[in-house]
Amino acid sequence: MTNTPDKIVYTAGATVTGGRRGGRAVSDDGILDLELQAPKETGGPGGATNPEQLFAAGYGACFQGAMGLAAKELGVDAGGSTLRAEVGLGPEGESFAIAVTLRVTVPGLTQEQTQELIERTHQLCPYSKAVRGNVPVTLVAETA
């Protein structure tokens, strides 16, 4: 199933040169301007950000935003929540693939309530929709 927006209200753009080894990523507005390096764990020099870190930050921010919608729908307060996004990279066939774990803590909610909240959020989040059926995503409700 393809999730196509009814109308595009914002388009983010970035220009990347050099890829993950000595590359650079610059957003169209210049606010994001990062050196890219492969992590030491994959044979790179480390010392700069990498695509997996950027994906973790983007997915985490998007998911936490969508959590506000899910919390309102479920009648709970997700204020003060903390989300840790982990993006793992490893060999898959002839190339590589990623796997994601999202760990969420919501003060004042039980582990069961938090799990229900993040399961619903996973249905609403645009990043979750984008990776569904292709990237394994593990949702972990943690207690404060």
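Just the heavy atoms: all of them, side chains too, but no hydrogens, waters or symmetry mates, feed the values below. Please read all numbers here as calculations on a predicted model, not as lab measurements.
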Closest non-hydrogen atoms of Leu117 and Leu74, given as atom of the first, atom of the second and distance, are CA-CD1, 3.7 Å
For residues 29-48, the salt bridge (Lys or Arg N to Asp or Glu O under 4.0 Å) pairs (sequence neighbours left out) are Arg24-Asp33
side-chain contact (heavy atoms from CB on, under 4.5 Å), that's the test. Do Thr49 and Leu54 meet it? Break it down for me. CA-CA 7 Å; Thr49 196; Leu54 295 171; 4.1 Å; yes
> When you measure from the side chain of Glu52 to the backbone N and O of Val87, does any donor-acceptor pair fall under 3.5 Å?
Replying inline: no
Subject >> hydrophobic_cluster_shared for Met67 and Val131, side chain cutoff 4.5 Å >> reply: yes
Closest non-hydrogen contact found for Ile31 with Ser27 is N-OG, 3.3 Å
Minimal heavy-atom distance between Leu83 and Gly60, with the atoms involved, is CD2-CA, 3.5 Å
Q) Should Leu69 and Val76 be counted in the same cluster of Ile, Leu, Val, Met, Phe, Trp and Tyr side chains packed under 4.5 Å apart? A) no
Discussion item. Side chains of Glu119 and Gln115 only: does a donor on one sit below 3.5 Å from an acceptor on the other?
Written reply: yes
Check: Quick one: does Pro39's side chain get under 4.5 Å of Arg20's, heavy atoms only?
Finding: yes
CD1 (Ile98) and CD (Glu86) are apart, to the nearest 0.5 Å, by 13.0 Å
Closest non-hydrogen contact found for Thr121 with Ala70 is OG1-CB, 3.3 Å
All heavy atoms of Ala56 vs all of Ala85, minimum pair found to be O-CB, 3.4 Å
- ILVMFWY network linking Leu34 to Val26, side-chain heavy atoms under 4.5 angstrom: no
Distance col, row Phe63:CZ vs Leu139:CG, nearest 0.5 angstrom, shows 5.0 Å
| said: Please tell me whether Val100 and Val140 are part of a single hydrophobic cluster in this structure, the criterion being side-chain heavy atoms less than 4.5 Å apart. | reply: no
Rounded to the nearest 0.5 angstrom, the CZ-CD1 distance for Arg103 and Ile118 is 10.5 Å
Closest heavy-atom pair, Gln37 versus Gly22, reported as atoms and distance to 0.1 Å, is OE1-N, 3.1 Å
Interatomic distance, CG@Asp28 vs OG1@Thr11, rounded to 0.5 Å, equals 9.5 Å
Value for CZ (Arg132) from CG (Asn3), rounded to nearest 0.5 Å, stands at 7.0 Å
Applied to residues 57-74, the side chain to side chain donor-acceptor pair (under 3.5 Å) test, sequence neighbours excluded, yields Tyr59-Ser128, Gln64-Ser81, Glu73-Arg120
*When you look at Thr138 and Leu102, which way does the side-chain contact (heavy atoms from CB on, under 4.5 Å) test go after all the steps?*
CA-CA 6 Å; Thr138 303; Leu102 302 175; over 6 Å; no
Just by distance, do the side chain of Thr42 and the backbone of Ala38 share a donor-acceptor pair under 3.5 Å? no
#### Entry: Connected via hydrophobic side-chain network under 4.5 Å: Val137 and Phe96
yes
Practice task
Taking the side chain as every heavy atom from C-beta outward, state whether Val104 and Glu142 have any atom pair closer than 4.5 Å.
Solution key: no
d(Leu89 CG, Asn50 CG) to nearest 0.5 Å is 8.5 Å
